[in-house]
Amino acid sequence: MTFKVKDLGLADAGKLKIEWATTRMPVLGRLRERYAKEKPLKDIRVSGCLHITKETAVLVQALSAVGAETAWSGCNPLSTQDDVAAALAKEGVNVYGWRELSVEDYYWCIDQTIEFKPHLTLDDGADLTLRLHEKGATSLKDVIGGTEETTTGVHRLRAMHESGALRCPIIAVNDAETKWDFDNVWGTGQSSIDGILRATNILIAGKIFVVAGFGHCGRGVAMRATGLGAHTVICEVDPLKALKAVMEGFRVMPMKEAAKIGDIFITATGCKNVITKEHMELMKDGAVLSNTGHFNVEVSVEDLERIAVKKREIRPNNVEYTLRDGRRLFLLAEGRLVNLAAAEGHPSEIMDMSFANQFLSLIYLAEHGRAMKPGVYNVSKEQDQEVAIIKLETIGTKIDTLTPEQEKYLTSFKEGT
Ligand code: ADE
């Protein structure tokens, strides 16, 4: 066992956080219990590149309980919770990561998990999978397959497969309905607002809140901002998504127009250069800029650095940039995911379903992965249903069941007007 974390002395605080998260993650708890005797991941090495949070720690413990040996790195330089990493290290987990590591150290941490010679990988953003492939055939020798947690990662892996470069099967956990329809919408919605509030403590009510991107994440943030009293504006490039935003009651306009009126900006597009110098030049004094997309490419921090004449950290995760004409723009969390860098990521109750899907997908790959061709696979309908059923049970919600007559009606075409 090896590790590299910031400070092992933080382990007790991390342990308490993990215990708290465990009480909120009953689906994963039940699955862990179900497989604890059988140990379907016995003799399986899992390497993961995931935000090192209290929820991730609950997943790590569940995987260990069903037999896996694991090694972990963080998937973002600002998202590692140092106390949680310390608690994991103290428990004997191979964990490499600390908050505010350099890009060089970031890849050093990933490399340690590649040297662990994984059978299975668990990725969030596809950096681990890509790095494994770049290192060539010997690194991939033992790999049965892997999973991917996020939209950006799934896009990258699909592109990789289309170019013929992907050499193992990957299950797109992101695309499970019990993942994206909850984590991306409600998780990102709440945690992004949480990040903005922790970094600024500003009032949202009455503000013009600009959301770039009306995918599942952008929609989640837009709904939560509106719920807090903001006048929410959406910027989109996709006509269908833009139309949906209009029908849901949001104002839709190009970023060049929104730039002039917005008080708070957040990007959730998965694309680069969404807010650049040309927009910053138009913004009001005091505008707050943030991003909740996976990579720090959506707000051009380079442009902001270039046009600013002065810069100072005014609060944790909040840097004030003063422009030539005296206007001040405030950049949160260096343009990295504001929900994980300035807050604690999605709430445990949401990660419960996402990580239940990760857990079941890894067990599936251990059983079936060797017979699967390279490619990006969806989670099965059965798994999605199972996670939803357990979640409903754990929150005490009962639902109706179809009668045999209704089932027959739904599967036949004969009954009409
Ligand atoms: N992604 C978003 N929120 C997260 C969390 N709490 N833990 C791990 N990954 C996350």
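In listed order, ligands and their atoms are each counted from 1. By convention here, the first residue in the shown sequence is residue 1.
- Classification of Glu349 and Lys391 as a salt-bridged pair fails, no side-chain N sitting under 4.0 Å from a carboxylate O.
- Within the 4.5 Å cutoff, side-chain heavy atoms of His51 are placed close to those of Asn76.
- When the ring-ring contact (aromatic ring centres under 6.0 Å, His included) test is applied to Phe214, the partners found at least two apart in sequence or on another chain are Phe250.
- Residues lining ligand 1 at a heavy-atom distance below 4.0 Å are given as His51, Thr53, Glu55, Thr56, Leu340, Glu344, Gly345, His346, Met351, Phe355, ordered by chain and residue number.
- Using a 3.5 Å distance cut-off with no hydrogens or angles, the side chains of Thr147 and Gln358 do pair a donor with an acceptor.
- Between Tyr96 and Trp108, the ring planes lie perpendicular to each other; the angle is over 60°, past the 30° to 60° tilted range.
- For the side chain to side chain contact (heavy atoms under 4.5 Å, CB included) with Ser192, the lone residue among Val221, Leu337, Asn291 that qualifies is Val221.
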